[in-house]
Trainee: 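Below you'll find the structure I mean.
All values reported here derive from a predicted model rather than from experimental measurement.
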Amino acid sequence: MKSSKSIPAACLFLLGAAYVTGFFYIHSAKDFWLDEIFTHYQVSNHGFGSLCSSFHAGVNSLPPAYFLVLWFQETVFGDGSFSFRFPSLFFSLISILYAYKCLYLFFDRPTSTLTVLTIFCFAVELHQQTVEARPYAMYFMVSVLSIYCWCRLIQDVKPSGKLLSANAALAFLLPFTHYYGGLYNGLLLASICFVDRSAGRLRVKVYLSFLFGWVCFCILGLQVFLSQMSIISNKAEAGLLLTENHLIKIFNLYGNFILFPLPLLVLLAIYLFLHKPADTDFPCSPQNNSPSILMAMSLWLLVPGVLVLLAKFKVLEVAANVKYFLPTVMALAFFIAHFIKGFLGRFRDADIPRMNRYLIVYTIFCLGFFALNSHRFTKAFRDFGIPNYYATVFGEKLPIFVNDNTAFYHLSYFSNSSLVYRITRDSSFVQHMNQFSSELKTFNYEDDTLKIPELLFVSVGETNAEESLFLDFIENTHSMVEERNLDRHRVLKFLIKDT
């Protein structure tokens, strides 16, 4: 009996250790990328009041929860890429623990352990978000905690006040971490209402705990959501509305969720072929209430496809990226667990040592894949690095003007002493950027006068209309003295004219 507990615990410990090791390994090779730079400017050099105001600027277009957590830990532990990324590792470790606890409410230890190993080693998006200063690791953690709380509510006919309070807090936090979380949480309420009706009971306190959380979100987060949505002038930037074939988009989304259990299925098929059990009629039914959880998780599995189809028929404009639907991974875990339970149920009590050997072998297999994937990430990030032209541009220590958004954020973040300005003719854009971060500089060339004696202008790709207007403007006061082409970027150097 002791080995039946210690082996699964050791496997989970190794998984957590692998996540910690992978975090440090990938972090050492990975510079901040564009979205993480957004996080940096959203949080850094803000007081609490200016931080709350910055959410309305709409640059991140995400709810405040994660950034509030990051702002608080920055005031305690300081700035820096490690300080910004470490909370994601912490959230992932909590997710591993509660994913196991959630599955263990319905399945035995080996089944729960195998399922957790599968989703956390083969769901590549979960792995990647562990090493990013973005809200998606927290989003997944809150979704796992929400499912765990939901399962407890299903099992406890008369839930305690603590459980109801926890459910209310999670009903608030899920959409307050990512807006799609509200949809997932709403499906949990619909599922529990259906289960209660089927059981002939009415639990008003349970339903009110969900509603209380949503009311709190409306009070604290709805205005931010409306402000952010009003600023997004081109919804096609989300990528979904530019998709020509929405069915392929659905396939790609589900592929990222459904393909990761394939190594498990292959290994189980090989094992069954080599070790055919003597008795195939061994009973292996999960515990009570599993049909209820499968019904709720079926609804979660449908979320990505339904939203894409709504966009297809122009009913709703939505963004579709795998990380926005990470809760779906946890939904799939319950179906994987049912399959694994059916396989492990073939082992009788006398076969527990052989089952433990299988658990150890599969753990090694999963962690090996995890290590290879960590190495692949690290190699890709080392090969990418910071563009070479940055050193050339920064070396002159001159003010830099740029129109391209990506180049603007990158140059602003990586420059040590050079001032970087985003050119614009839109005064509202200047207002939003000032609201977002005092560190970012803008230059409105219709309202301002350019008196800088020497500067650089960086153009990305072909010169567009905005850049042409700015060049016409600058020719009135400056003369171009040098032009260089570096890594698909054109760098122009200007000197002020003698007066």
Side-chain angles (χ1 to χ4, degrees), residues 15 19 22-23 35-36 39 60-63 65-67 69-70 85 87-100 102-103 115-150 170-171 173-188 238-240 249-261 293 296-308 318-337 370 373 377:
L15 175 61
Y19 258 70
F23 172 84
D35 283 11
E36 290 183 298
T39 299
N60 271 298
S61 296
L62 288 165
Y66 170 76
F67 303 104
V69 171
L70 212 60
R85 286 173 173 164
S88 293
L89 172 63
F90 175 76
F91 297 142
S92 294
L93 295 177
I94 296 296
S95 298
I96 291 173
L97 174 62
Y98 274 88
Y100 172 80
C102 188
L103 291 166
T115 305
V116 169
L117 282 165
T118 301
I119 65 173
F120 281 92
C121 288
F122 293 105
V124 177
E125 193 67 40
L126 285 179
H127 182 190
Q128 185 173 343
Q129 294 304 322
T130 302
V131 201
E132 289 200 355
R134 298 297 287 166
Y136 303 104
M138 180 178 175
Y139 175 40
F140 184 71
M141 179 196 71
V142 176
S143 68
V144 171
L145 293 174
S146 297
I147 296 176
Y148 176 73
C149 192
W150 186 91
L170 291 167
L173 277 176
L174 196 50
F176 204 59
T177 305
H178 195 281
Y179 294 125
Y180 284 3
L183 178 58
Y184 285 105
N185 195 258
L187 292 174
L188 290 181
L240 184 59
K249 185 67 178 181
I250 292 176
F251 176 81
N252 290 337
L253 278 174
Y254 281 105
N256 282 277
F257 301 133
I258 296 175
L259 291 182
F260 70 77
I293 187 67
M297 294 302 97
S298 296
L299 295 176
W300 275 33
L301 281 175
L302 293 175
V303 169
V306 170
L307 287 179
V308 174
V318 296
N321 194 305
V322 175
K323 56 192 175 186
Y324 302 160
F325 302 106
L326 278 180
T328 303
V329 175
M330 191 60 197
L332 186 59
F334 283 89
F335 292 90
I336 298 173
F370 183 87
N373 211 39
F377 282 155

Trainee: Applying side chain to side chain donor-acceptor pair (under 3.5 Å) as the test, list every pair that has at least one member in residues 134-143; sequence neighbours left out.
Mentor: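 Passing the test, one end in residues 134-143: Thr39-Arg134, Asn60-Arg134.
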
Trainee: Mind checking what makes side chain to side chain donor-acceptor pair (under 3.5 Å) contact with Thr177, not counting sequence neighbours?
Mentor: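 So Thr177 forms no side chain to side chain donor-acceptor pair (under 3.5 Å) with any residue.
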
Trainee: Okay, side chain of Trp150, backbone of Leu188: is any donor-acceptor separation there less than 3.5 Å?
Mentor: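 Checked: pair present.
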
Trainee: Is Tyr98 atom OH crowded by more than 12 heavy atoms from other residues, nucleotides or ligands, each under 6.0 Å away?
Mentor: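 Atom OH in Tyr98 is not crowded, with 12 or fewer foreign heavy atoms closer than 6.0 Å.
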
Trainee: Between Ser95, Ser88, Pro135, which is the residue that forms a side-chain contact (heavy atoms from CB on, under 4.5 Å) with Phe140?
Mentor: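 Checked Ser95, Ser88, Pro135 against Phe140; only one passes side-chain contact (heavy atoms from CB on, under 4.5 Å): Ser95.
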
Trainee: Working to the nearest 0.5 angstrom, can you tell me the gap between Ile119 CD1 and Ile336 CD1?
Mentor: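 Going from CD1 on Ile119 over to CD1 on Ile336, the span is 7.0 Å.
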
Trainee: How would you list all residue pairs meeting salt bridge (Lys or Arg N to Asp or Glu O under 4.0 Å) that involve residues 137-147, not counting sequence neighbours?
Mentor: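 Passing the test, one end in residues 137-147: no pairs.
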
Trainee: Are the side chains of Phe176 and Val142 in contact, using a 4.5 Å heavy-atom criterion?
Mentor: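 Sidechains of Phe176 and Val142: no contact.
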
Trainee: Would you name the heavy atoms of Ser146 and Leu174 that are closest together and state the gap between them?
Mentor: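 Looking at all heavy atoms of both residues, the shortest contact is OG-CD2, 3.9 Å.
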
Trainee: Using a 3.5 Å distance criterion without hydrogens, assess whether the side chain of Glu36 forms a donor-acceptor pair with backbone atoms of Ala133.
Mentor: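 Looks like yes, one N/O pair under 3.5 Å.
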
Trainee: Check step by step if side chain to side chain contact (heavy atoms under 4.5 Å, CB included) holds for Tyr184 and Thr328.
Mentor: CA-CA 9 Å; Tyr184 285 105; Thr328 303; 2.8 Å; yes

Trainee: How far apart are the C-alpha atoms of Leu187 and Leu302, what are their side-chain angles, what is the distance that settles it, and do they pass the side chain to side chain contact (heavy atoms under 4.5 Å, CB included) test?
Mentor: CA-CA 11 Å; Leu187 292 174; Leu302 293 175; over 6 Å; no

Trainee: Heavy atoms only: give me the nearest Ala171-Pro175 pair and the separation to one decimal.
Mentor: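 Ala171 and Pro175 have their closest heavy atoms at O-CD, 3.1 Å.
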
Trainee: Enter the distance from Leu62:CG to Asp35:CG here, rounded to the nearest 0.5 Å.
Mentor: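 It is 8.5 Å, given to the nearest 0.5 Å.
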
Trainee: Quick one: closest heavy-atom pair of Leu170 and Leu145, and the distance?
Mentor: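 Looking at all heavy atoms of both residues, the shortest contact is CD1-O, 3.4 Å.
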
Trainee: Working to the nearest 0.5 Å, report the span between OH of Tyr100 and CG of Leu117.
Mentor: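 The distance works out to 11.0 Å.
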
Trainee: I need the minimum non-hydrogen distance between Met141 and Phe91, along with the two atoms involved.
Mentor: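 The answer is SD-CD2, 3.6 Å.
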
Trainee: Please report the interatomic distance CG(Leu332) to OG(Ser298), rounded to the nearest 0.5 Å.
Mentor: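 Interatomic distance, Leu332 CG to Ser298 OG, rounded to 0.5 Å: 10.5 Å.
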
Trainee: At what distance, to the nearest 0.5 angstrom, does CG of Leu326 lie from CG of Asn321?
Mentor: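 Interatomic distance, Leu326 CG to Asn321 CG, rounded to 0.5 Å: 9.0 Å.
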
Trainee: Would you check if Asn373 and Phe377 make a side-chain contact, meaning some heavy-atom pair closer than 4.5 Å?
Mentor: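 A side-chain contact under 4.5 Å exists here.
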
Trainee: Once you round to the nearest 0.5 Å, how far does CG of Leu103 lie from CE of Met330?
Mentor: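 Separation between the atoms: 4.5 Å.
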
Trainee: Taking the side chain as everything from C-beta on, heavy atoms only, tell me whether Trp300 gets closer than 4.5 Å to Phe334.
Mentor: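 No, every pair of side-chain atoms sits at 4.5 Å or beyond.
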
Trainee: For a quick test of reading the model, state the closest non-hydrogen atom pair linking Val144 to Ala99 and the distance between them.
Mentor: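 Minimum heavy-atom separation between Val144 and Ala99: CG1-N, 3.5 Å.
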
Trainee: Tell me whether the rings of Tyr19 and His127 are parallel (<30°), tilted (30 to 60°) or perpendicular (>60°).
Mentor: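 Correct class here is tilted.
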
Trainee: Does atom CZ of Phe335 have more than 12 heavy-atom neighbours, drawn from other residues, nucleotides or ligands, at distances under 6.0 Å?
Mentor: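 Yes.
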
Trainee: Work out which heavy atom in Gly22 is nearest to a heavy atom in Phe370; give both atom names and the distance.
Mentor: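 Heavy-atom minimum between the residues: CA-CE2, 4.5 Å.
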
Trainee: Could you tell me if the side chain of Phe23 sits less than 4.5 Å from the side chain of Arg85, heavy atoms only?
Mentor: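 Yes, close enough: below the 4.5 Å cut-off.
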
